[in-house]
Amino acid sequence: MFQKPPAVSSALWNSSQKGVCLSIVGFKRPQLSALRSYTIGFKFKHEQLHKDIRNRFETVVCASQNPGPNSTFEKSYPQNVDLPPILPKKKKKPYPIPLKKIQRAARKDKKLAEMGMEKPLDPPKNGLLVPELIPVAYQVLDAWKILIRGVAQLMHVIPVYGCSECSEVHVAQTGHCIQNCLGPTSAKRRSFHAWVKGSINDILIPIESYHLFDPFGRRIKHETRFEYDRIPAIVELCIQAGVDIPEYPSRRRTKPIRMIGKKVIDRGGYIEEPKPWRTASPSSLVDLDTHGAARRFPPPLSSDVPRIAQETMDAYETVRYGVTKLMKKYTVKACGYCSEVHVGPWGHNAKLCGEFKHQWRDGKHGWQDATVDEVFPSNYVWHVKDPKGPPLRSALKRFYGKAPAVVEVCLLAGAKIPEKYKPMMRLDIVIPETDETNSVA
């Protein structure tokens, strides 16, 4: 028999003995200040500790009399979360994988190479496809097309502004008045933004990558970089994951590659890359790129705007979930200093990096494992509770929330957004007047 926890009431415990399921959702350790812990007697502290445990111990009673292993509970999100940090440009990005873990794997590979043993490789590290991820790649590519079409149509209805001097984007009737511009002439404007009409590239930041017929073949050199096409990184990831596009062929291996350490000892030979897209019609590829999307799709009817917004929101979630799932298996590299992304087992050798200390590296990129936000950026913008109200001000900046640009556009167009975005939007915070900010704790 299990003993009754001290924080659970007798009524709940007796009901659990009759078949009602008790599930612990969360336990928060009580935090006692240093002043109280050293100035109050031990007896009072002991009583206060149990009192805080009872108050903070949360339980949820399952209504089913016969709960099974498939009983699910709704996931709870925090009330408010901090805004995403802005990484400094004069410093390398942090490694997504801990450095000690990378060094441990490198020592293991070196030890196998010294012993003359091959490195064990699983798909897709050995050049073969992962069969269960091929449908995911097709879903991501289809959702990517829907996302481009939906954002292009919604931008005819929802106004979007972009700063001509920096990368700031704002989704509202007018631009905000927050003084955070870091452009070259921001000092003359007292850090106010210079707003112009935005484009679809302000909502969906174009991240391109070189298309490779054989990711395990010859590396791209600086002199041969113009021999390769630049396509969206999401499209290239889907192609390497199994999507067949005649204009962008990809080598499909039937035998795995073999490696000893970092050296490929058997890649099945080199195959000349076919180039059928030179004679193909480019009209079949325009749906994969954001270029000229606003001209391709006309403004929607007012009655169709909520439906398009919801389809766009669902497509955005599908793309983000699918890219996250694909990147757990397929290798994507990103520069630790700039926004360059390369889909493949190792980065290219094009000397195009112009960020921090690029002279020391002769323009070469500092490759490291990429994150989802580097392949599919969220592009956070300020959330506006009242689009037709007064513009946002710098004095109230700490009371405003943020959301991804696509989520903000779909929300203003009438879509229902997922719960996970609401804590960062700070919907439960009442924005005070300017003269009341000094009285707010």
Side-chain angles (χ1 to χ4, degrees), residues 78-90 151-206 290 294 299 305 309 312-313 316 339 373 377-415 417 421-441:
Q79 184 178 11
N80 292 301
V81 297
D82 295 333
L83 301 179
I86 300 177
L87 299 178
K89 292 187 177 181
K90 293 187 177 181
V151 172
Q153 289 180 315
L154 292 178
M155 289 191 65
H156 292 292
V157 182
I158 306 300
V160 177
Y161 294 92
C163 182
S164 61
E165 299 290 335
C166 68
S167 60
E168 183 77 6
V169 179
H170 191 60
V171 182
Q173 296 295 330
T174 58
H176 63 70
C177 298
I178 299 177
Q179 298 169 265
N180 59 350
C181 182
L182 301 176
T185 61
S186 59
K188 299 179 181 179
R189 294 175 279 107
R190 295 186 300 161
S191 297
F192 283 103
H193 293 281
W195 296 114
V196 296
K197 185 178 180 180
S199 64
I200 188 174
N201 289 338
D202 294 324
I203 303 297
L204 298 176
I205 300 178
T290 58
V305 171
T312 305
M313 187 70 250
Y316 177 79
S339 59
D373 281 332
S378 299
N379 192 18
Y380 289 96
V381 298
W382 293 104
H383 170 60
V384 181
K385 295 184 179 180
D386 185 9
K388 297 183 180 179
L392 307 184
R393 293 167 289 179
S394 297
L396 304 176
K397 184 173 64 174
R398 64 191 178 113
F399 300 100
Y400 301 138
K402 281 191 174 184
V406 176
V407 177
E408 185 72 11
V409 170
C410 295
L411 176 63
L412 296 181
I417 63 173
Y421 297 112
K422 294 182 179 180
M424 189 177 297
M425 298 166 69
R426 300 181 178 178
L427 300 177
D428 58 340
I429 294 181
V430 179
I431 300 177
E433 298 295 335
T434 308
D435 52 356
E436 296 177 352
T437 55
N438 296 330
S439 303
V440 178

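The analysis underlying the following values was restricted to heavy atoms, covering all of them including side chains, and did not include hydrogens, waters or symmetry mates.
Annotation for Lys397: atom NZ does not count as buried by contact number, only 12 or fewer foreign heavy atoms lying within 6.0 Å. For Leu427, the CG atom sits in a packed shell: over 12 heavy atoms of surrounding residues, nucleotides or ligands are nearer than 6.0 Å. Within 6.0 Å of atom CD1 in Ile86, 12 or fewer heavy atoms from other residues, nucleotides or ligands are found, so the atom counts as exposed in its surroundings. Other residues, nucleotides and ligands contribute at most 12 non-hydrogen atoms within 6.0 Å of the CG atom of Asp82.
Two residues are said to be in side-chain contact when any heavy atoms from C-beta on lie closer than 4.5 Å; Cys163 and Glu165 meet this criterion. Within the 4.5 Å cutoff, side-chain heavy atoms of Cys181 are placed close to those of Arg189. Annotation: side chain of Tyr161 is not in contact with side chain of Val381 (no heavy-atom distance under 4.5 Å). Val409 is not listed as a side-chain neighbour of Met155, based on a closest heavy-atom distance of 4.5 Å or more. Looking at Val407 and Tyr316, their side chains come closer than 4.5 Å, going by heavy atoms from C-beta outward. Annotation: side chain of Met425 is in contact with side chain of Leu411 (closest heavy-atom distance under 4.5 Å). By the 4.5 Å heavy-atom criterion applied to side chains, His193 and Asn180 are counted as neighbours. By the 4.5 Å heavy-atom criterion applied to side chains, Ser164 and Val196 are counted as neighbours.
With hydrogens and angles disregarded, a donor-acceptor distance shorter than 3.5 Å links the side chain of Asn379 to the backbone of Asp202. A donor-acceptor pair is defined here as one N or O able to donate and one able to accept, closer than 3.5 Å; such a pair exists between the side chain of Ser394 and the backbone of Gln179.
Contact detail for Pro206 and Asn201: the closest heavy-atom pair is CD-O, 3.7 Å. Shown here for Leu412 and Val384, the closest heavy-atom pair between the two residues is CD2-O, 4.4 Å. Taking all atoms of both residues into account, the shortest heavy-atom contact from Ala309 to Leu154 is CA-CD1, 3.9 Å. Shortest non-hydrogen contact noted between Val305 and Ala413 is CG1-O, 3.6 Å.
The CZ atom of Phe399 sits 9.0 Å away from atom CD1 of Ile431, with the distance rounded to the nearest 0.5 Å. Atom NZ of Lys89 sits about 11.0 Å away from atom CG of Leu87, to the nearest 0.5 Å.
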Which atom pairs, donor and acceptor, lie under 3.5 Å between side-chain atoms of residues 169-176 and protein residues at least two apart or in another chain?
unit_1 : atom_1 : unit_2 : atom_2 : d
His176 : ND1    : Ile178 : N      : 3.0
His176 : NE2    : Glu168 : OE2    : 3.2

Would Glu408 and Lys402 satisfy side-chain contact (heavy atoms from CB on, under 4.5 Å), going step by step from the backbone distance to the final call? CA-CA 9 Å; Glu408 185 72 11; Lys402 281 191 174 184; over 6 Å; no
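Take Tyr400 and apply the side-chain hydrogen bond (donor to acceptor under 3.5 Å, both in side chains) test, not counting sequence neighbours, and it matches no residue. Annotation: salt bridge (Lys or Arg N to Asp or Glu O under 4.0 Å) contacts of Lys422 (sequence neighbours excluded): Glu419.
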